[in-house]
Visitor: 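Before anything else, here's the structure in question.
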Amino acid sequence: MSLRLPERYRYIVVEGPIGAGKTSLARAFGERAGGTAVLEEPDANPFLPGFYQDRARFALPTQLYFLFQRATQVRALSQPDLFAGLIVADFMIDKDALFARVTLNDDEFALYQRVWSQLRPQAPTPDLVIYLQASPATLVERVRRRNVAYERNIPDDYLVLLAESYARFFHHYDAAPVLTVNSENLNFVDQPGDFDLLLQRVIAMRGPREFFSMGS
């Protein structure tokens, strides 16, 4: 199926907790909708493996590394000539504080906020945010199945906490239109038809907040 996104979509963000499938979907947009995928680089964070083994010890350096990495990426997104074509990112800078609040103690979070205020990371407002949801049990199963070495030590309760935090975040988020997608029965990698269905829903979207799942 060949579908073309309306011109109003120049910058799309795909978000969701670990295991929701945001990177796979962002890549699918890049490959099948003629877009450029801008992806997080967790493998570049030298503190991440330690974080999943000892969260209390490695939370702050892990979070600050990601903050600087994301700030650099969104700074590049602010260049005027970048939007000659569709850009699809698998993260939004707004969610950085979500992770910080979950992982840092109060003193560390206060320091993080000071760094944020000095850094003042700015990003263009997305034309659309696609928020991928899945049950905690599905997130846990997906993370275990993909068998990334440093993810083997992620506690199940941490994935549950992230899913709850994302749900609260997007309940209040109103800076851009949001399409909430139940990804339980969607496979954007192995089932091309699933991506086509989602793309049709994106094209047909009219309201500021809509929902999509198989059969909706």
Side-chain angles (χ1 to χ4, degrees), residues 13-27 39-43 45 47-67 69-70 89-113 116 129-175 178-190 194 198 209-216:
V13 169
V14 183
E15 262 294 1
I18 299 170
K22 55 185 177 291
T23 301
S24 297
L25 180 55
R27 285 199 180 109
L39 307 177
E40 283 191 307
E41 301 174 356
D43 292 345
N45 191 331
F47 304 103
L48 191 57
F51 170 74
Y52 287 133
Q53 293 182 331
D54 188 344
R55 276 193 284 171
R57 178 181 176 187
F58 288 97
L60 183 58
T62 300
Q63 188 64 48
L64 290 178
Y65 187 97
F66 273 131
L67 174 58
Q69 182 189 78
R70 290 163 181 156
D90 70 345
F91 70 96
M92 59 195 305
I93 193 68
D94 310 57
K95 71 90 177 279
D96 198 85
L98 180 156
F99 275 82
R101 185 66 278 184
V102 168
T103 61
L104 304 180
N105 64 39
D106 290 343
D107 290 337
E108 290 172 336
F109 187 66
L111 176 59
Y112 167 86
Q113 289 180 306
W116 175 282
V129 177
I130 299 175
Y131 163 41
L132 298 181
Q133 287 182 327
S135 70
T138 296
L139 298 176
V140 170
E141 190 274 331
R142 288 176 180 171
V143 170
R144 301 294 176 247
R145 187 175 62 214
R146 67 191 186 191
N147 199 31
V148 176
Y150 58 76
E151 290 182 343
R152 293 171 188 161
N153 295 312
I154 299 180
D156 292 358
D157 62 349
Y158 176 67
L159 295 175
V160 172
L161 183 59
L162 278 183
E164 294 171 347
S165 298
Y166 266 96
R168 286 194 299 271
F169 177 85
F170 278 106
H171 178 73
H172 298 286
Y173 179 81
D174 60 2
V178 176
L179 177 61
T180 299
V181 176
N182 181 347
S183 69
E184 290 282 337
N185 300 311
L186 296 169
N187 186 333
F188 302 114
V189 175
D190 300 322
D194 289 355
L198 175 62
R209 302 185 72 92
E210 295 189 13
F211 181 80
F212 171 72
S213 67
M214 291 295 289
S216 69

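Worth saying up front: this structure is predicted, and the values here are computed from it rather than measured.
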Visitor: Look at the rings of Tyr52 and Tyr150 and say which category their plane angle falls in: under 30° parallel, 30 to 60° tilted, over 60° perpendicular.
Guide: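 Rings of Tyr52 and Tyr150: parallel, as their planes differ by under 30°.
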
Visitor: Angle class for the Phe170/Tyr131 ring planes (parallel below 30°, perpendicular above 60°, tilted otherwise)?
Guide: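 Rings of Phe170 and Tyr131: parallel, as their planes differ by under 30°.
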
Visitor: Could you pull out the closest heavy-atom pair between Leu48 and Pro42, with the gap in Å?
Guide: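 Answer, listing the atom of Leu48 first, then Pro42: CD2-O, 3.7 Å.
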
Visitor: Restricting to non-hydrogen atoms, name the atom on Arg144 and the atom on Glu151 that form the minimum distance, rounded to 0.1 Å.
Guide: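 Looking at all heavy atoms of both residues, the closest pair is NH1-O, 3.5 Å.
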
Visitor: What are the two closest heavy atoms between Ala20 and Leu139, and how far apart are they?
Guide: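 Minimum heavy-atom contact is N-CD2, 3.6 Å.
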
Visitor: Looking at Arg101 and Asp106, is there a salt bridge between them, counting it only when a charged N and a carboxylate O are closer than 4.0 Å?
Guide: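 Result for this pair is yes, salt bridge flagged.
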
Visitor: Taking Gln53 for the side chain and Asn153 for the main chain, is one N or O donor matched with an acceptor at less than 3.5 Å?
Guide: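 No; judged by distance alone, with no hydrogens or angles, the pair does not exist.
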
Visitor: Evaluate side-chain contact (heavy atoms from CB on, under 4.5 Å) for Leu198 paired with Leu179, printing each intermediate quantity in order.
Guide: CA-CA 10 Å; Leu198 175 62; Leu179 177 61; 3.9 Å; yes

Visitor: Could you grab the distance from atom CD1 of Ile154 to atom CD1 of Ile18, nearest 0.5 Å is fine?
Guide: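 Those atoms lie 4.5 Å apart.
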
Visitor: Counting N and O atoms only, with roles assigned by atom type, does the side chain of Gln63 sit under 3.5 Å from a partner on the main chain of Tyr112, one being a donor and the other an acceptor?
Guide: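 Side chain of Gln63 to backbone of Tyr112, a donor-acceptor pair under 3.5 Å: no, none is there.
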
Visitor: Quick check for you: to the nearest 0.5 Å, what is the distance between Glu41 atom CD and Asp90 atom CG?
Guide: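 Reported to 0.5 Å precision, the distance equals 9.5 Å.
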
Visitor: Rounded to the nearest 0.5 Å, what separates atom CG in Asp96 from atom CG in Leu64?
Guide: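 Between atom CG of Asp96 and atom CG of Leu64 there are 9.0 Å.
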
Visitor: For the residue pair Arg168 and His172, what are the closest heavy atoms and their distance?
Guide: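 In this case the closest contact between Arg168 and His172 is O-CD2, 3.2 Å.
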
Visitor: Could you please spell out the steps behind the ring-ring contact (aromatic ring centres under 6.0 Å, His included) verdict for Tyr173 and Phe169?
Guide: CA-CA 6 Å; Tyr173 179 81; Phe169 177 85; 5.7 Å; yes

Visitor: Using the rule given for side-chain contact (heavy atoms from CB on, under 4.5 Å), can you reason through Thr103 versus Tyr158, listing the C-alpha separation, both sets of side-chain angles and the distance that settles it, and then say yes or no?
Guide: CA-CA 9 Å; Thr103 61; Tyr158 176 67; 3.7 Å; yes

Visitor: Gln133 and Thr180: side-chain donor and acceptor closer than 3.5 Å?
Guide: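 No.
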
Visitor: Can you pull out every salt bridge (Lys or Arg N to Asp or Glu O under 4.0 Å) where at least one residue sits in residues 47-62? Sequence neighbours excluded, please.
Guide: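 Every candidate salt bridge (Lys or Arg N to Asp or Glu O under 4.0 Å) pair involving residues 47-62 fails, so no pair, neighbours aside, qualifies.
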
Visitor: So, does Asn45 use its side chain to make a donor-acceptor pair with the main chain of Thr62 at under 3.5 Å?
Guide: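 Side chain of Asn45 to backbone of Thr62: a pair is present.
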
Visitor: Kindly compute the distance separating CG (Leu186) from OG (Ser24), expressed to the nearest 0.5 Å.
Guide: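 It comes to 12.0 Å.
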
Visitor: Does the pair Glu184 and Ser135 meet the rule for a side-chain contact (heavy atoms from CB on, under 4.5 Å), with working shown?
Guide: CA-CA 7 Å; Glu184 290 282 337; Ser135 70; 3.0 Å; yes

Visitor: What is the distance from atom CZ of Phe212 to atom CG of Leu132, rounded to the nearest 0.5 Å?
Guide: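 The CZ atom of Phe212 sits 11.0 Å away from the CG atom of Leu132.
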
Visitor: If you take all heavy atoms of Val143 and Gly19, which pair is closest and at what distance?
Guide: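 Nearest pair, atom of Val143 first, then Gly19: CG2-CA, 4.1 Å.
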
Visitor: Do Trp116 and Ile93 pass the side-chain contact (heavy atoms from CB on, under 4.5 Å) test, and can you show the C-alpha distance, the side-chain angles, and the key distance before you say yes or no?
Guide: CA-CA 11 Å; Trp116 175 282; Ile93 193 68; 3.7 Å; yes

Visitor: Would you check if Leu162 and Leu98 make a side-chain contact, meaning some heavy-atom pair closer than 4.5 Å?
Guide: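 Side chain of Leu162 against side chain of Leu98, heavy atoms only: contact under 4.5 Å found.
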
Visitor: Closest heavy-atom contact between Met92 and Glu15?
Guide: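 Where Met92 meets Glu15 most closely, the heavy atoms are N-OE2, 3.1 Å.
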
Visitor: Asp190: which residues meet the side-chain hydrogen bond (donor to acceptor under 3.5 Å, both in side chains) condition with it, sequence neighbours left out?
Guide: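 side-chain hydrogen bond (donor to acceptor under 3.5 Å, both in side chains) list for Asp190, sorted by chain: Asn187.
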
Visitor: Which distance, rounded to the nearest 0.5 Å, do you find between the CZ of Phe51 and the OH of Tyr65?
Guide: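 Here the rounded value is 16.0 Å.
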
